[in-house]
Amino acid sequence: MLNEQASIEKLRWIMTQLRDPTTGCPWDIKQDFASITSHTLEEAYEVVDAIEQGDFIELEKELGDLLFQVIFYSELGKEQQHFDLDTVIAAICEKLIRRHPHVFAQASLQTDEEIKANWENEKALEREQKNQQQMGENAVLDKLSILADIPKNLPALSQAAKIQKRCSHVGFDWDNMPDVFAKIEEEVQEVKDELEADTLDKKALAEELGDLMFAVVNLCRHAKEDPETLLRQANKKFSKRFVGVEEQVNQSGKSFTEHDLAELESYWQQVKIQEKQVNSQK
């Protein structure tokens with residue numbers, strides 16, 4: 001097997017060797033489902049980072065690392081007789097075919113809205129079937145919430161967007177942008193009220209700030225933008241501009257603490273001007 005051409009089968013073989021209780025790797029042998037979840041999240045973020053950097057050489061490597069996570073979970077599932085790689089692949093094939101009736105069946109779904117609605121309907125049906133399996137067909141009063149299977153470990157922005165999308169699918173949503181903005185303005189005012197109160201209630205302030213962020217995520221969703229991606233882009237833009245400010249501080253011969261805020265703001269504006277000039281030349 002060592003000399004065979006790279007393939008999924010070779011990767012599965014490598015995994016079994018790593019987990020061999022006698023000759024395998026001590027680190028791999030002691031892992032379980034819970035212990036490798038943090039590595040899975042890390043690998044997924046590294047894939048995203050490589051894409052955002054446009055580094056396709058690195059992306060190839062990171063995708064391999066992410067694929068290995070699937071192989072690892074599948075091997076654990078096989079050892080514990082829950083599932084294996086073949087059943088994992090079978091499950092995703094069945095799901096993709098069923099969720100795309102406009103491709104694999106005779107359904108006519110033309111617009112993005114129709115396709116997304118069908119996707120959400122299929123997911124709702126899956127939740128209903130899962131509910132029946134877990135609680136029995138007569139357990140109507142114990143029906144699972146439409147929010148029940150949203151992963152708790154999602155990044156908070158992505159989790160908020162997913163919650164809102166689920167609620168929107170059943171009609172619990174603003175139907176126009178003015179109402180979305182009005183909610184943000186309402187939350188901003190409530191934050192101001194807490195800050196201007198005679199006695200600062202930190203718990204109440206934190207709650208209102210959370211509500212404000214949730215409302216802003218809703219605006220991103222209505223604008224058909226992913227809030228997690230937008231914030232990463234904003235972080236990247238800010239970091240790049242701040243590096244430009246640092247360069248000007250270094251050139252000035254003075255430390256950061258020797259500058260007042262007006263001087264630093266002036267550097268910031270110069271960086272923005274230079275950025276616009278560079279972008280206009282592209």
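Annotation: I57, atom CD1; neighbour count of heavy atoms from other residues, nucleotides and ligands within 6.0 Å does not exceed 12.
Taking all atoms of both residues into account, the shortest heavy-atom contact from E62 to V47 is O-CG2, 3.6 Å. Smallest separation of non-hydrogen atoms from H259 and E263: CA-OE1, 3.1 Å. Taking all atoms of both residues into account, the shortest heavy-atom contact from F33 to G77 is CZ-N, 3.6 Å. Taking both residues in full, the closest heavy atoms of Y73 and T37 are given as OH-CA, 3.3 Å, listed atom of the first, atom of the second, then distance. In terms of heavy atoms, V271 sits closest to G244 at CG2-C, 3.6 Å. When all heavy atoms are compared, the tightest approach of H39 to S35 is CD2-O, 3.6 Å.
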- With side-chain contact (heavy atoms from CB on, under 4.5 Å) as the test, would you mind laying out the steps for L67 and L63 before giving the verdict? CA-CA 6 Å; L67 174 60; L63 286 171; over 6 Å; no
With side-chain contact (heavy atoms from CB on, under 4.5 Å) as the test, would you mind laying out the steps for F68 and M15 before giving the verdict? CA-CA 8 Å; F68 183 69; M15 186 72 256; 3.6 Å; yes
Would S168 and R221 count as a side-chain contact (heavy atoms from CB on, under 4.5 Å) here? Give the steps. CA-CA 10 Å; S168 177; R221 185 178 59 83; 3.6 Å; yes
The test is side-chain hydrogen bond (donor to acceptor under 3.5 Å, both in side chains); show your working for H222 and N176 and say whether it passes. CA-CA 8 Å; H222 276 265; N176 58 74; over 6 Å; no
Begin with the C-alpha distance, continue with both residues' side-chain angles, and end with the deciding distance and a verdict on side-chain hydrogen bond (donor to acceptor under 3.5 Å, both in side chains) for Q189 and D193. CA-CA 6 Å; Q189 185 58 53; D193 291 343; 2.9 Å; yes
Walk me through whether W268 and F238 qualify under ring pair (Phe, Tyr, Trp, His ring centres under 6.0 Å).
CA-CA 10 Å; W268 180 268; F238 179 91; 5.1 Å; yes
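Under the 4.5 Å side-chain criterion, counting only non-hydrogen atoms from C-beta, L264 is not in contact with D260. Here the side chains of L41 and S38 are not in contact, with every heavy-atom distance at 4.5 Å or above. You'll find the side chain of Q233 reaches within 4.5 Å of the side chain of L230, heavy atoms only. Looking at I29 and D20, their side chains never come closer than 4.5 Å, going by heavy atoms from C-beta outward. Contact annotation: the side chain of I51 never approaches that of F56 to less than 4.5 Å [non-hydrogen atoms, C-beta and beyond]. With contacts defined as side-chain heavy-atom distances shorter than 4.5 Å, the pair L212/E208 does not qualify.
Looking at E194, its side chain never comes within 3.5 Å of a backbone N or O of E190 through a donor-acceptor pair.
Between K272 and E275 no salt bridge is recorded (no basic side-chain N to carboxylate O distance below 4.0 Å). In this structure, E75 does not pair ionically with K78, as no charged nitrogen and carboxylate oxygen lie closer than 4.0 Å. Checked for salt-bridge contact, K183 and E187 meet the test: a charged N lies under 4.0 Å from a carboxylate O.
Y45 and L66 end up in different hydrophobic clusters when Ile, Leu, Val, Met, Phe, Trp and Tyr side chains are linked at under 4.5 Å.
Checking Q270 against Q274 by side-chain atom types alone, no donor-acceptor pair falls below 3.5 Å.
In the hydrophobic clustering, where aliphatic and aromatic side chains (Ile, Leu, Val, Met, Phe, Trp, Tyr) are joined below 4.5 Å either directly or transitively, L157 groups with V217, L231.
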